[in-house]
Amino acid sequence: MPHWLVIDLEATTEEGGWPVEDMEIIEIGATLVAADGRELDHFQRFVRPQRRPCLTSFCRELTHISQAQVDGAAPLGAIWPQFERWLAPYRDKLAGWGSWGDYDRRQFVLEWQRHGLQSSLERLAHVNLKQRFAEARQLKRAVGLHTALQLAGLSFQGQQHRALEDARNTARLLPLIFAH
Ligand code: AMP
Ligand code: MG
């Protein structure tokens, strides 16, 4: 049975949002799931941003991530090898990785380049689960995670805009998406 990795990122931001180039990862959440959506393992780390180390109040309120949590975290260059070590035993079983939309993939690509990091995710297929959900449900346009869960008769569990919780809630939709 192939496994799937669902990843969600939190990043620095301001009201109205920033272009991806101006954002930096502050939290990585990943859930490794079996095809039926059951969690086999998970990964969560805060990441200390380098360019704008001080979070905006908007960002702190949106994510419920505190300044102390990112101050106490390591930068991406130190976190990434930890992620790779965590993923290593599962790599051969992975069918691919997914995220809700394309934002997380774009943010990763940018920061892997910026920090000169090798990533095993680059060799894996990425699935835009937001788009795939819209196709599976024959929606006219892609919807947010909260709405998607509601359409599936589910409600968001835990804190929204937190990486691991967002990833876990996204993973709950996998069986519906892959049933099509
Ligand atoms: P999410 O996975 O939906 O929590 O979003 C990932 C990141 O995108 C957040 O950590 C923020 O940096 C940014 N973001 C999400 N929603 C907003 C918003 N309404 N305004 C500004 N930035 C946002
Ligand atoms: Mg999130």
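In each ligand, atom 1 is the first atom listed, and ligand 1 is the first ligand listed.
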> Is there a nitrogen or oxygen of Arg162 sitting under 3.5 Å from a nitrogen or oxygen of ligand 1?
Replying inline: no

>> Please check if the number of heavy atoms outside Arg91 that lie under 6.0 Å from its CZ is greater than 12.
In response: yes

>> Measuring centre to centre across the rings, with the benzene-like ring taken for any Trp, is Phe108 within less than 6.0 Å of Trp80?
In response: yes

> Quick one: which of Leu110, Val109, Asp102 gives a side-chain contact (heavy atoms from CB on, under 4.5 Å) with Arg106?
Replying inline: Asp102

>> Only heavy atoms of Met23, strictly under 4.0 Å: list the atoms of ligand 1 that pass.
In response: 8 (O), 12 (O), 13 (C)

> So does Glu15 have more than 12 non-hydrogen atoms from other groups sitting under 6.0 Å from CD?
Replying inline: no

>> For Glu27, state whether at least one heavy atom is located under 4.0 Å from any atom of ligand 1.
In response: no

>> Within this structure, what is the CG-CD1 distance for the pair Asp104 and Ile28, rounded to the nearest 0.5 Å?
In response: 10.5 Å

> Can you list the ligand 1 atoms lying under 4.0 Å from a non-hydrogen atom of Glu10?
Replying inline: 1 (P), 2 (O), 4 (O), 5 (O), 6 (C), 7 (C), 9 (C), 10 (O)

> Among protein heavy atoms, which sits nearest to atom 3 (O) of ligand 1, and what does the distance come to when rounded to 0.1 Å?
Replying inline: His161 ND1, 3.2 Å

> Do Thr12 and Thr56 have side-chain heavy atoms sitting under 4.5 Å apart?
Replying inline: no

> Do Gln44 and Glu27 pass the side-chain hydrogen bond (donor to acceptor under 3.5 Å, both in side chains) test, and can you show the C-alpha distance, the side-chain angles, and the key distance before you say yes or no?
Replying inline: CA-CA 7 Å; Gln44 185 276 338; Glu27 187 182 31; 2.7 Å; yes

>> For N/O/S atoms only: which one belongs to Asp166 and is nearest the Mg ion (ligand 2)?
In response: OD2

>> Whether Arg52 engages the ring of Trp18 as a cation-pi pair (distance to the six-membered ring centre under 6.0 angstrom, angle to the ring normal within 45°) should be assessed.
In response: yes

>> Whether the Gln150 and Ser155 side chains hold a donor-acceptor pair (N or O, under 3.5 Å, no angle test) is what I'd like checked.
In response: no

> Can you find a non-hydrogen atom of Ile26 under 4.0 Å from ligand 1?
Replying inline: no

> Can you tell me the protein heavy atom closest to atom 6 (C) of ligand 1 and the distance?
Replying inline: Leu9 O, 3.3 Å

>> Test of understanding: given a 4.0 Å heavy-atom threshold, classify the contact between Leu145 and ligand 1 as side chain, backbone, both, or neither.
In response: neither

> Do any N/O atoms on Glu14 end up under 3.5 angstrom from N/O atoms on ligand 1?
Replying inline: no

> Does Ala11, backbone or side chain, put an N or O under 3.5 Å from an N or O of ligand 1?
Replying inline: yes

>> What I want to know is whether Tyr103 and ligand 1 share at least one N or O pair that is separated by under 3.5 angstrom.
In response: no

> Which atom, among the N/O/S set of Asp8, is closest to the Mg ion (ligand 2)?
Replying inline: OD2

> Is the closest heavy atom of Phe58 to ligand 1 under 4.0 Å?
Replying inline: yes

> Atoms of ligand 1 less than 4.0 Å from Asp166 heavy atoms?
Replying inline: 1 (P), 2 (O), 4 (O)

>> So Trp86 and Asp41, do their side chains get closer than 4.5 Å, heavy atoms only?
In response: yes

> N/O/S atom of Glu165 under 2.8 Å from the Mg ion (ligand 2), yes or no?
Replying inline: no

> Are any side-chain N or O atoms of Arg168 and backbone N or O atoms of Gly29, one a donor and one an acceptor, separated by less than 3.5 Å?
Replying inline: no

>> Please give the atom name: the N, O or S atom of Glu10 nearest to the Mg ion (ligand 2).
In response: OE2

>> Are any of the N/O atoms on Asp8, whether in the backbone or the side chain, positioned under 3.5 angstrom from an N/O atom of ligand 1?
In response: yes

> Can you list the ligand 1 atoms lying under 4.0 Å from a non-hydrogen atom of Thr63?
Replying inline: 10 (O)

> Of all the non-hydrogen atoms in the protein, which one sits nearest to atom 17 (C) of ligand 1, and at what distance?
Replying inline: Leu62 CD2, 3.8 Å

> What's the shortest distance from atom 22 (N) of ligand 1 to any protein heavy atom, and which residue and atom give it?
Replying inline: Thr13 OG1, 2.8 Å

> Does CD belonging to Gln118 count more than 12 external heavy atoms closer than 6.0 Å?
Replying inline: no

> Less than 4.5 Å apart, any side-chain heavy atom of Trp100 and any of Leu173?
Replying inline: yes

